[in-house]
There are 2 protein chains.
Amino acid sequence: MEEKLEALCEFLQEAADVSHLQAATEQLRNHYQIAHIVYHWVNSAGERFGAGTYSQLWVDRYVEKDYLRMDPVILGCLQRFNPVDWKELDWSSRAARSFLREAIDYGVGNQGLSIPIRGPAGQFALFTASHNCDDDVWAAFVDLNMRDLIIIAHEFNRKALEFEQGGDSAPSPSLSPRELAAMTYLAKGLSRAQAAQEMEISEHTLRVYIEAARHKLGALNTTHAVARALSRGLIVV
Amino acid sequence: MEEKLEALCEFLQEAADVSHLQAATEQLRNHYQIAHIVYHWVNSAGERFGAGTYSQLWVDRYVEKDYLRMDPVILGCLQRFNPVDWKELDWSSRAARSFLREAIDYGVGNQGLSIPIRGPAGQFALFTASHNCDDDVWAAFVDLNMRDLIIIAHEFNRKALEFEQGGDSAPSPSLSPRELAAMTYLAKGLSRAQAAQEMEISEHTLRVYIEAARHKLGALNTTHAVARALSRGLIVV
DNA sequence: TTTGGCCTCCCCATATCTAGCGAGGATAGG
DNA sequence: CCTATCCTCGCTAGATATGGGGAGGCCAAA
C-alpha cells in the first residue's frame, strides 16, 4: 500500500499540473519567507497526493513510519472546518509529542497553520504553512497573512480538482436515493432487517440496494461500501 | 474598503447566534451595494438554516414549491468545490429555466456568485451574493470582490459551527493503536480473517479489538463502528 | 503493589451476510 | 415513444459475522 502511495506521489511530481503546484509552493515559501509550505490532497477515490518543501528525508521517514495515521495535524484537521493553528491541536499524547520533536529535528517548523478544505465527493485538501520561530513572531505572521493563505488554499484546490477531473480518475459513482438511504441506515448501525423496516420495504429488496451500492462503489463487502460512501461524502451519518 | 470589511468580520465574530447572521447579511449587502446576500447552512444532523435578504414572498414561495430540491444553485454547489458563478451552472432543464424566470420576478438577482464550503461531518454552507445587472458590471464586481467574499464565507461558517457545537460536543473516545488498525482494515474492505492476517494476529484476537472499538464508540455493530470511526476522523482510509 | 488498560488466544450457538438466479411495474429523459 | 434506470419482490445455500463467555502475560501509572 505504501509503495503505491509513493509511486503516485512520484508520478504526480512529474505530472505537469502538480509540478506546477510544487513550483508554486516553493514560490510561496520564498514570498512569505517561512520555513515550509505543504499541500496535501485526497481525491474522491481516496488516493493521496502531496507537494511541499519538506526535505526528502522527512518525507521518507514520514511514509516509512506511517505517520499519516497519527499526525495530529492530519487527525485534527480531519475533524475541523476552518484554518487551525498547530497550537490548537491535541499534542497531549506521548506519541504526538515525540512526533513533533522528531519533525522539528528534520527541519519542520515548530509553528504551523493548516487550512482544511473539503470537496463534494469526499475530497480533502490540507494547505499548511509552517515556520520555526517563537510565538510572537508567528502570531504576527498569521495575523497578517491568514487571508492570503486561505485564498491560496482555494487556488491550490482549484488546480488539484482540475487535475483530478482532467485525468483518468473515476468519478464518484452516483447512488440512487434508495441506495443512499440504505447506506445511511447501515452507517447508523441498523441491521438489514431494521433498515428494511425503516424504509418500509422487504429485506430482500434492501439487499438488492446494498448489493447495487456495493458494486457501484467497487466495495468488497457492506462495511467497505458504507466506508466508501462516507469517505466520498455520498452519505452523512 | 479594507477597514470596513474588517469591521464586518469583527461584527461577525461577536454575533452570538443565527439571527445575528441575518443582520450581518444585511450589513454586507449595504456594504457591497448588491441586491442580495444569502447564507445557507446545513448542520451535521442535516438540519437547514438560512439567513438572507430575499423577500419573504420569495422565501415562502421557495419553501412551498420545495424548490430546494431542484434549485440549480443548490444542486450545482452541492457538487462543487470553489466559488461558482450562476452562469456556470446547469440551466438546461425546462424546470430550471422557469425557476430562474420566477426568481427574477420575485426580485432575486439575475447574476449571482455562490461559495460552497463543507465541514468534516457533512456540514454544508452556501454563501451567495446576487445582483441584478448586466454581465459586464457583474464580472467587474466579481473580479474586485471575490476574495473578500470567500473570507466572509469562512467567517460565517466559523460562526455557524460555533453555534452548532455550543454545548453538547461529546469528546471522541480514544481507540488503542490496534483498535484503530482493526477499524482501518475493515474500512478498507478486508474481512476479519484478512485483517487478522495483515495484523499478524489470530482472527479471535481481532474480534476482541473490534468489540472493544465497538463498545468505545457506542456502536451497534461493526459497520456502525467503522462508520463512526470514519466520520469522527479517528481513522483514514 | 495494585489497578487498569492493552494484547493475545480459545469455544460455541445463532444471526447475518453473500452470490447467484429471476421478474414485473413505475418514471424520467431524449 | 422508447430506453434506461430505478423500485419492488421472490428463492437457495454456503460463508461469515456476532455476542456471550473465559484466561494469561505485559506494562505503566497511581
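By convention in this document, chain letters (A, B, ...) are assigned in the order of the sequence lines, proteins followed by strands, and residues within each chain are numbered from 1.
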A.B. asks: Taking only heavy atoms on the protein side, list every residue of residues 217-230 of chain B lying under 4.0 Å from any atom of DNA chain D, sorted numerically.
C.D. replies: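 Contacting residues: B:Leu220, B:Thr222.
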
A.B. asks: Can you measure from CD1 (B:Ile74) to OH (B:Tyr62) and round to the nearest 0.5 angstrom?
C.D. replies: 4.5 Å

A.B. asks: Between B:Leu175 (CG) and C:dC7 (P), how many Å, whole number?
C.D. replies: 11 Å

A.B. asks: Distances under 3.5 Å between protein N/O atoms and the N/O atoms of nucleotides 26-29 of chain C, please, pair by pair.
C.D. replies:
none

A.B. asks: CG of A:Leu175 to CZ of A:Arg214: how many Å apart, nearest 0.5 Å?
C.D. replies: 13.0 Å

A.B. asks: If you compare every side-chain N and O of B:Arg192 against the phosphate oxygens of D:dT18 (OP1, OP2), does one of them come in below 4.0 Å?
C.D. replies: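 Yes, such a contact exists.
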
A.B. asks: Taking A:Trp41 for the side chain and A:Phe156 for the main chain, is one N or O donor matched with an acceptor at less than 3.5 Å?
C.D. replies: no

A.B. asks: What pairs with A:Asp90 under side-chain contact (heavy atoms from CB on, under 4.5 Å), at least two apart in sequence or on another chain?
C.D. replies: A:Ser92

A.B. asks: Round to a whole Å and report the spacing from CE of A:Met183 to P of C:dC17.
C.D. replies: 11 Å

A.B. asks: Has A:Ser176 got a side-chain N or O lying under 4.0 Å from the OP1 or OP2 atom of D:dC7?
C.D. replies: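 Yes.
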
A.B. asks: Name all residues meeting the side-chain contact (heavy atoms from CB on, under 4.5 Å) criterion together with A:Glu200; count only those two or more places apart in sequence or in a different chain, and write none if there are none.
C.D. replies: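 Applying side-chain contact (heavy atoms from CB on, under 4.5 Å) to A:Glu200 gives none.
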
A.B. asks: Counting only side-chain heavy atoms from C-beta out, which of C:dT8, D:dT18, D:dC6 sits nearest to B:Arg178?
C.D. replies: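 Selected nucleotide (nearest to the side chain): C:dT8.
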
A.B. asks: Answer yes or no: is there a side-chain heavy-atom contact under 4.5 Å between B:Leu89 and B:Trp91?
C.D. replies: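 B:Leu89 reaches B:Trp91 side chain to side chain.
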
A.B. asks: State which residues pass salt bridge (charged side-chain N to carboxylate O under 4.0 Å, His left out) with B:Glu203; sequence neighbours excluded, sorted by chain then number.
C.D. replies: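 By the salt bridge (charged side-chain N to carboxylate O under 4.0 Å, His left out) rule, B:Glu203 matches B:Arg192.
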
A.B. asks: Got a sec, which residues hit side-chain contact (heavy atoms from CB on, under 4.5 Å) with A:Thr205, two or more places apart in sequence or on another chain?
C.D. replies: A:Ile201, A:Ser202, A:Tyr209

A.B. asks: Not counting sequence neighbours, which residues clear side-chain contact (heavy atoms from CB on, under 4.5 Å) with B:Ala103? List them please.
C.D. replies: B:Trp58, B:Val108

A.B. asks: Work out which heavy atom in A:Gln111 is nearest to a heavy atom in A:Cys133; give both atom names and the distance.
C.D. replies: NE2-O, 3.1 Å

A.B. asks: Residues of residues 193-210 of chain B with any non-hydrogen atom less than 4.0 angstrom from an atom of DNA chain D: list those, numerically ordered, please.
C.D. replies: B:Glu203, B:Arg207

A.B. asks: A:Asn110 vs A:Trp86, test: side-chain contact (heavy atoms from CB on, under 4.5 Å). Steps then yes/no.
C.D. replies: CA-CA 9 Å; A:Asn110 63 337; A:Trp86 286 2; over 6 Å; no

A.B. asks: Not counting sequence neighbours, which residues clear salt bridge (charged side-chain N to carboxylate O under 4.0 Å, His left out) with A:Arg80? List them please.
C.D. replies: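 Salt bridge (charged side-chain N to carboxylate O under 4.0 Å, His left out) list for A:Arg80, sorted by chain: empty.
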
A.B. asks: What is the separation between atom CD on A:Glu211 and atom P on C:dA19, rounded to the nearest whole Å?
C.D. replies: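 For the pair A:Glu211 CD and C:dA19 P, the rounded distance is 6 Å.
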
A.B. asks: For B:Arg61, check salt bridge (charged side-chain N to carboxylate O under 4.0 Å, His left out) against everything at least two apart and list the hits.
C.D. replies: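 Counting only residues at least two positions away or on another chain, B:Arg61 forms a salt bridge (charged side-chain N to carboxylate O under 4.0 Å, His left out) with B:Glu102.
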
A.B. asks: Calculate, to the nearest 0.5 Å, the distance between atoms CG and CZ belonging to B:Leu126 and B:Arg118 respectively.
C.D. replies: 9.0 Å

A.B. asks: Provide, to the nearest angstrom, the distance between the CG atom belonging to B:Leu190 and the P atom belonging to D:dT16.
C.D. replies: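 Distance, rounded to whole Å: 14 Å.
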
A.B. asks: Consider only side-chain N and O atoms of A:His36 and A:Ser130, and report whether a donor and an acceptor are under 3.5 Å apart.
C.D. replies: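 No pair is found: no donor N or O on one side chain lies under 3.5 Å from an acceptor on the other.
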
A.B. asks: Decide yes or no on side-chain contact (heavy atoms from CB on, under 4.5 Å) for A:Arg48 and A:Leu68, but give the supporting numbers first.
C.D. replies: CA-CA 11 Å; A:Arg48 291 166 181 279; A:Leu68 194 62; 3.3 Å; yes

A.B. asks: Examine D:dC6: is either OP1 or OP2 under 4.0 Å from a nitrogen or oxygen in the side chain of A:Lys216? Give yes or no.
C.D. replies: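 Yes.
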
A.B. asks: May I have the distance from B:Arg214 (atom CZ) to D:dT18 (atom P), rounded to whole angstrom?
C.D. replies: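 Going from CZ in B:Arg214 over to P in D:dT18 covers 8 Å.
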
A.B. asks: Provide a list of protein-nucleic acid N or O atom pairs under 3.5 angstrom, restricted to nucleotides 24-30 of chain D.
C.D. replies:
residue	atom	partner	partner atom	Å
D:dA29	OP1	A:Arg94	NH2	3.1

A.B. asks: Using the C1' atoms of the five pairs at each end, what is the angle between the end axes of the helix from C:dT1-D:dA30 to C:dG30-D:dC1, to 10°?
C.D. replies: 70°

